[in-house]
Amino acid sequence: MANVKILVVEDEVIVAKDIADMLKSRGYDVPAIALSGEQAIEKTEQIQPDLVLMDIVLRGDVDGIEAAEQIRRRFGIPVIYLTAYTDEQTVKRAKITEPFGYITKPFDMRELYTNIEMALYKHKAEKALQRSKQEWEKTFDAISDWIALTDLKGRILRTNRSGEDFTGISSAQIVGQSCCKLVHGSEEHIPGCPLQKMLHTRQRESTELKVPDANRWLIVTIDPVIDKEGNLIGAVHITRDITERKQAELSLKEAEAELKHTIEVVPCIIAKANAHTGYFTHCNPALSSILGFSSEEFLARPFIEFIHPDDRQSTINEVEKQLKGSPVAKFENRYICKDGSYKWLEWRATAADEKGVVYAAATDITERKKAEHALTESEEKYRRFYEDAPLGYQSLDASGNFLDVNKKWLNVLGYSKEEVIGRLFADFVAPESLETFVDDFHRFKESGQTRGTEFEMLRKDGSRITVSFDGNIEYDEEGRFRRTHCIMHNITERKKAEEALRESEEHYRMLTETMNDGLGQVDENGRYVYVNNKFGEMLGYSPDEMVGRHWTAFFDENAQKITNEQLIKRRKGISKPYELENTRKDGQKIFLRISPQGIFDADNRYMGSFAIMTDITGRKQADEQIEKLAKFPAEDPNPVLRISGHGTVIYANKASLPLLKVWRCRVGQSLPNPWHEFVLDALSSGQNQQTEAQCDERIFSLTFTPIVKANYVNIYGLDITERKKAEERLLEHQAKLKAH
């Protein structure tokens with residue numbers, strides 16, 4: 001009974017106080033006493049009690065029965081009458097208000113307590129039953145399949161709302177009509193009608209059919225309805241539109257034909273083998289083109305006979321791994337050519353099933369192997385010494401001329417080795433750092449070492465970077481200067497970060513106010529504590545109108561629903577970009593991309609969040625051009641893929657290969673389940689889906705664009721690594737400012 005609030009309505013003050021004291025002694029909360037019917041209604045609205053104890057005869061124009069009626073109708077709060085009147089007329093009036101109890105005075109506390117607990121329990125049960133019924137009705141109407149209850153003749157007794165989509169008429173018009181007429185356009189049962197079959201078998205029956213005069217396919221399932229005595233009394237009629245599936249099957253056949261043609265013309269080797277028999281069962285023309293044997297010759301002999309003797313065992317080992325269920329194997333071996341020479345092939349292979357079928361693809365890497373061998377022989381010493389070092393290296397003579405640099409040094413500054421060797425180090429130093437270099441090089445030669453010396457250097461493209469050097473001098477046997485050995489650290493980003501941290505909060509605000517994107521921050525209660533001008537401009541408000549108000553005041557109902565779902569995740573530490581459509585203050589629609597980030601204290605308590613908001617209305621308007629742009633995916637430097645509704649990779653351009661590597665699949669294979677879910681979401685909603693994917697050290701923004709009629713989804717990738725880094729730096733900067 002903890003926190004149960006009871007409103008006492010009694011015009012006798014002493015009696016009312018006695019009742020209130022009795023209730024409090026039992027642990028109930030009595031926040032108020034009403035002395036009239038008018039007060040009872042007013043206080044009920046104010047305090048929203050769990051139950052009202054109502055005297056029938058009250059002072060004023062509104063008696064207890066009339067007040068109880070209004071309280072029941074307006075607020076749905078249970079009422080128990082406390083009265084000394086038991087005449088027939090009074091009881092008859094009271095019954096109409098559906099009270100939860102009727103106690104006659106005088107009464108004892110046990111009777112009152114029992115009636116209160118029974119009323120609270122009954123009211124709670126009624127509310128639960130009502131919610132359950134509403135939830136069932138919503139679920140029934142939310143099912144995408146058309147579900148109808150019919151009698152044994154096929155007349156529809158009840159239908160969910162999906163029936164309106166299937167038939168084009170209202171639910172009220174559907175009820176009473178024959179399912180044959182609505183589904184088949186016929187007054188009679190069609191041959192193979194599942195309802196007729198079910199009447200005979202008394203079991204579930206299904207059939208697929210094409211709607212007359214329409215390019216539409218349906219699957220109709222009939223389930224029997226049987227009463228407790230075992231009598232067949234009706235049927236559940238479930239209709240599902242499978243047009244897309246049928247179209248997908250056709251598209252798949254076309255894709256398979258296209259894939260087969262592609263396999264025949266691609267320059268890489270594609271083969272199918274039986275690991276148990278040791279023979280190729282299929283190979284495309286590329287194998288013959290590269291090795292010189294005809295396809296018939298390859299199929300007539302065990303494939304192991306074509307492999308260099310030194311590579312046979314390693315190849316057998318890889319095949320055995322595949323048969324044991326290992327993921328896609330990548331290995332190299334040498335195959336003999338018809339002229340007796342050998343060529344190096346790089347294979348990717350996977351076993352399809354326990355029958356020993358192995359699918360494999362290979363490329364000729366002979367020239368690459370030759371180049372690798374030559375490079376290994378000529379540069380092994382230097383490669384081991386410093387070429388693969390993660391830091392830049394340089395060596396100068398006594399005059400400051402370059403004797404050597406490594407690849408990292410060249411990559412950082414953008415020069416070739418020929419452009420550097422023999423030139424003065426000073427030629428690459430920014431004018432402002434020349435004096436520092438001259439002084440430091442002099443001290444370097446005197447002391448024999450340098451530590452943490454910083455310079456600004458000029459890159460080939462004209463940009464500048466800040467570097468720090470640690471080095472020592474190498475001397476000959478006579479103690480004379482021979483050369484320097486220095487490690488270069490690129491500290492540009494660190495210096496920029498230090499400079500950014502030195503910026504005042506005013507500089508930070510100037511940055512946010514000049515952003516092309518909106519930036520807003522809410523506290524743990526969802527009220528804005530900061531928004532920049534762009535944020536307010538996108539929604540049609542000024543920052544002054546928004547700060548201090550709850551975020552829901554600026555988003556329409558649909559946008560609130562999406563944002564609420566994201567806020568729940570954000571409180572759990574999950575922050576991912578998402579898109580929504582919102583109505584501005586002026587009534588215009590705007591499409592937004594929200595990039596949020598939760599804010600937590602040292603104890604991991606949620607303190608609020610901030611979000612970068614981007615106006616993508618123009619991009620949304622450009623989405624209709626995506627299909628046209630998709631004609632040129634092979635030339636696109638960004639990933640472009642096409643995925644069937646079943647999750648099969650139909651096409652992937654060259655830029656998509658890193659993604660496929662992470663997903664561990666290739667063209668013709670299925671996406672992993674989490675990514676297939678995005679495909680299904682895009683097809684079912686008919687709208688683009690957005691997510692991000694980590695690929696090596698890059699982050700891609702992926703747009704899943706549905707082509708619903710063809711039952712496939714195009715995936716367009718965009719490298720957002722730098723943008724994500726910028727967001728992280730912004731977050732770190734904000735945390736730093738907050739700490740101050």
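- Using a 4.5 Å heavy-atom threshold, the side chains of Ser644 and Asn711 count as separate.
- Between Phe704 and Trp675 the shortest side-chain heavy-atom distance falls below 4.5 Å.
- Atoms CD and CG, from Glu244 and Leu683 in turn, are 7.0 Å apart once rounded to the nearest 0.5 Å.
- A donor-acceptor distance shorter than 3.5 angstrom exists from the side chain of Arg584 to the backbone of Met538, with no hydrogens or angles considered.
- Counting non-hydrogen atoms of neighbouring residues, nucleotides and ligands closer than 6.0 angstrom, the CZ atom of Phe600 exceeds 12 such neighbours.
- Under 4.0 Å is where a charged nitrogen must lie from a carboxylate oxygen, and between Glu732 and Arg729 no such pair does.
- With a 6.0 Å radius and a threshold of 12 heavy atoms from other residues, nucleotides or ligands, Arg593 has its CZ atom above the threshold.
- Not a single donor-acceptor pair under 3.5 Å links the side chain of Gln689 to the backbone N or O of Phe678.
- Counting heavy atoms from C-beta on, the side chains of Phe700 and Ile715 never come closer than 4.5 Å.
- Annotation: side chain of Leu567 is in contact with side chain of Trp551 (closest heavy-atom distance under 4.5 Å).
- A donor-acceptor contact shorter than 3.5 Å links the side chain of Asp556 to the backbone of Thr583.
- The backbone N or O of Ile147 lies less than 3.5 Å from no partner atom in the side chain of Asp145, so there is not a single donor-acceptor pair.
- Heavy atoms only, all atoms of each residue included: Pro596 and Tyr578 are closest at CG-CE2, 4.1 Å.
- For the residue pair Asn714 / Thr705, no side-chain donor-acceptor distance below 3.5 Å is found, with atom types taken as modelled.
- Listed by chain and residue number, Phe554 satisfy the ring-ring contact (aromatic ring centres under 6.0 Å, His included) test with Tyr541 (two or more places apart in sequence, or in another chain).
- Remark: the Thr648 side chain and the His646 side chain contain no N/O donor-acceptor pair separated by less than 3.5 Å.
- Residue Leu580 holds its CG atom at 6.5 Å from CZ of Phe555, rounded to the nearest 0.5 Å.
- A salt bridge links Glu208 with Arg245: the distance from a Lys NZ or Arg NE/NH1/NH2 to an Asp or Glu carboxylate oxygen falls below 4.0 Å.
- Every residue two or more places apart in sequence or in another chain that forms a salt bridge (Lys or Arg N to Asp or Glu O under 4.0 Å) with Lys724 is listed here: Glu692, Glu727.
- In this structure the side chain of Glu722 reaches within 4.5 angstrom of the side chain of Lys725, judged on heavy atoms.
- Checked by atom type, the side-chain pair Asp719/Thr721 shows a donor-acceptor distance below 3.5 Å.
- Taking a cutoff of 4.0 Å between a charged side-chain nitrogen and a carboxylate oxygen, Arg74 and Glu45 qualify as a salt bridge.
- Considering only heavy atoms from C-beta on, Asp29 stays 4.5 Å or farther from Asn3 through its side chain.
- Judged by distance alone, the side chain of His550 and the main-chain N or O of Asn525 form a donor-acceptor pair under 3.5 Å.
- Contact check for Pro543 versus Asn532: no side-chain heavy atoms found under the 4.5 Å cut-off.
- When all heavy atoms of Ile616 and Glu579 are compared, the closest pair comes out as CD1-CD, 3.4 Å.
- In terms of modelled atom types and a separation under 3.5 Å, the side chain of Asn688 and the main chain of Thr703 share no donor-acceptor contact.
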Could you list the donor-acceptor pairs under 3.5 angstrom formed by side chains in residues 655-667, with sequence neighbours left out?
unit_1, atom_1, unit_2, atom_2, d
Ser656, OG, Val640, N, 3.0
Ser656, OG, Val640, O, 3.1
Ser656, OG, Asn653, OD1, 2.5

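- Put simply, the side chain of Lys43 never gets that close to the backbone of Leu7: no donor and acceptor are under 3.5 Å apart.
- More than 12 heavy atoms of other residues, nucleotides or ligands sit less than 6.0 Å from atom NZ of Lys122.
- The line from OH of Tyr651 to CD1 of Ile643 is 12.0 Å long, rounded to the nearest 0.5 Å.
- Ion pairing of Asp523 with Arg527 is absent here, as no side-chain N (NZ or NE/NH1/NH2) approaches a carboxylate O to less than 4.0 Å.
- Checked by atom type and distance alone, the side chain of Gln48 never pairs as donor or acceptor with a backbone atom of Asp50 at under 3.5 Å.
- Between the side chain of Thr492 and the main chain of Thr466, a donor-acceptor pair closer than 3.5 Å is present.
- Here CG of Leu539 is found 7.0 Å from CD1 of Ile590. Values are rounded to the nearest 0.5 Å.
- In this structure, the side chain of Ser595 does not engage the main chain of Pro577 through any donor-acceptor pair within 3.5 Å.
- Contact of the Tyr716 side chain with the Asn638 side chain is not registered, since no non-hydrogen atoms from C-beta on lie closer than 4.5 Å.
- Remark: Arg642 qualifies as a cation-pi partner of Tyr712 under the 6.0 Å distance and 45° angle criteria applied to the six-membered ring.
- Taking CG of Asn582 as the start and CZ of Phe591 as the end, the distance is 11.0 Å to the nearest 0.5 Å.
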message = Glu537 vs Lys534, test: salt bridge (charged side-chain N to carboxylate O under 4.0 Å, His left out). Steps then yes/no.
response = CA-CA 5 Å; Glu537 179 186 318; Lys534 193 67 176 180; 3.5 Å; yes

